[in-house]
Q: 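Below is a structure I'd like to ask you about.
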Amino acid sequence: QVQLVESGGGLVQAGGSLRLSCAANGTIFSANVMGWYRQAPGNQRELVAVITRGGTTNYADSLKGRFTISRDNAKNTVYLQMNSLKPEDTAVYYCYCNVRARPTILATTDYWGQGTQVTVSS
C-alpha cells in the first residue's frame, strides 16, 4: 500500500509562485515515474508534468517554461515549481506515482494523491 502526501497548494495572485511537494510513503522498491496532473471545474484531468528516476521530463506544451518538475529519489518525493501563475492555472493538482513494490515482481501500480487546491486570483 502506497500513500501520496501532497502539500504546497494555496491562494496566490497572478504572477506569483507556488511550490508543490508530494512524498510517496509505503512499500516502494522503485518509484519509476512521478508527476503532476490537474483538473479544473468542467475540464478533464490533464497532464502537467512527469519525471522518471533518471530525470527525463515531459511537460504539457502550454506550461513548459513556467513550471519545473524535479524529484528526490532518496525520499521518493516529487516537486513542482510554478512561476508566473495565471488565473487559468486554477485547479486541483493531483500527485501521481508509478510504483514497483518488490524487486522480484515486475508489475507496477499507479497511485494518486488526494489533490491540493491551487487558486490564482487576477
Q: Could you give the distance from CE (M34) to OH (Y111), rounded to the nearest 0.5 Å?
A: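 One finds 12.5 Å between CE of M34 and OH of Y111.
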Q: Taking all non-hydrogen atoms of both residues into account, name the closest pair between P87 and A14 and its distance.
A: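 In terms of heavy atoms, the two residues are closest at CD-CB, 4.2 Å.
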Q: If I compare all heavy atoms of S70 with all of I51, which pair ends up nearest, and what's the gap?
A: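 In terms of heavy atoms, the two residues are closest at CA-CD1, 4.0 Å.
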Q: Hey, does L106 have a side-chain heavy atom less than 4.5 Å from the side chain of R100?
A: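 When only atoms from C-beta onward are counted, L106 and R100 do touch, with a gap below 4.5 Å.
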Q: Would you find more than 12 non-hydrogen atoms of other residues, nucleotides or ligands less than 6.0 Å from Q114 atom CD?
A: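 Atom CD in Q114 is not crowded, with 12 or fewer foreign heavy atoms closer than 6.0 Å.
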Q: Indicate, with yes or no, whether the SG-to-SG separation of C97 and C22 is under 2.5 Å.
A: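 Answer is no: C22 does not pair with C97 in a disulfide.
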Q: If you count heavy atoms of other groups shown closer than 6.0 angstrom to CD of Q81, is the number above 12?
A: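 For Q81, atom CD is crowded (more than 12 foreign heavy atoms under 6.0 Å).
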Q: When rounded to the nearest 0.5 angstrom, what distance separates OG1 in T108 from CG in N98?
A: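 The CG atom of N98 is 4.0 Å from OG1 of T108, to the nearest 0.5 Å.
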Q: Atom NZ of K86 and atom CG of L63: how far apart are they, to the nearest 0.5 Å?
A: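 The CG atom of L63 is 8.5 Å from NZ of K86, to the nearest 0.5 Å.
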Q: Do L20 and V118 have side chains that approach each other closer than 4.5 Å (heavy atoms only, starting at C-beta)?
A: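 Yes, their side chains come closer than 4.5 Å.
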Q: Any sub-3.5 Å donor-acceptor pair from R53's side-chain atoms to G55's backbone N or O?
A: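 Such a contact is absent between R53 side chain and G55 backbone.
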Q: How long is the span from the CZ atom in F29 to the CD1 atom in I105, to the nearest 0.5 Å?
A: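 CD1 of I105 is found 11.5 Å from CZ of F29.
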Q: Report the distance from atom OG1 of T57 to atom CZ of F67, rounding to the nearest 0.5 Å.
A: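 Rounded to the nearest 0.5 Å, the OG1-CZ separation comes out at 14.5 Å.
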Q: Evaluate the side-chain proximity of L85 to L18: yes if any heavy-atom separation is below 4.5 Å, no if none is.
A: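 Yes, their side chains come closer than 4.5 Å.
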Q: What heavy-atom pair brings N83 and S17 nearest, and what distance separates the two atoms?
A: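 It is OD1-OG, 2.9 Å.
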Q: So with a 6.0 Å cut-off around CD of Q44, is the heavy-atom count from everything else above 12?
A: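 Counting neighbours around CD of Q44, 12 or fewer heavy atoms of other residues, nucleotides or ligands fall under 6.0 Å, so no.
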Q: For A49 and I69, which heavy atoms make the closest approach, and how far apart are they?
A: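 Result for this residue pair: O-CD1, 3.5 Å.
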Q: I'd like to know whether D72 forms a side chain to side chain contact (heavy atoms under 4.5 Å, CB included) with Y79, so could you lay out the CA-CA distance, the side-chain angles of the two residues, the decisive distance to 0.1 Å, and finally the verdict.
A: CA-CA 8 Å; D72 185 334; Y79 307 93; 4.2 Å; yes
Q: ring-ring contact (aromatic ring centres under 6.0 Å, His included) with W112: which of Y93, Y37, W36?
A: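 Running ring-ring contact (aromatic ring centres under 6.0 Å, His included) over Y93, Y37, W36 with W112 returns exactly one hit, Y37.
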Q: Give me the atom names and distance for the closest heavy-atom approach of V92 to Q117.
A: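 Taking every non-hydrogen atom into account, CG2-OE1, 3.3 Å.
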Q: Please say which of D89, T116, T90, N43 ends up in a side-chain hydrogen bond (donor to acceptor under 3.5 Å, both in side chains) with R38.
A: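 Passing option: D89.
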Q: Looking at CG of L80 and OH of Y59, how far apart are the two atoms once the value is rounded to the nearest 0.5 Å?
A: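 Result: 8.0 Å between the selected atoms.
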Q: How about L4 and Y96: do any of their side-chain heavy atoms sit closer than 4.5 Å?
A: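 When only atoms from C-beta onward are counted, Y96 and L4 do not touch, as no gap falls below 4.5 Å.
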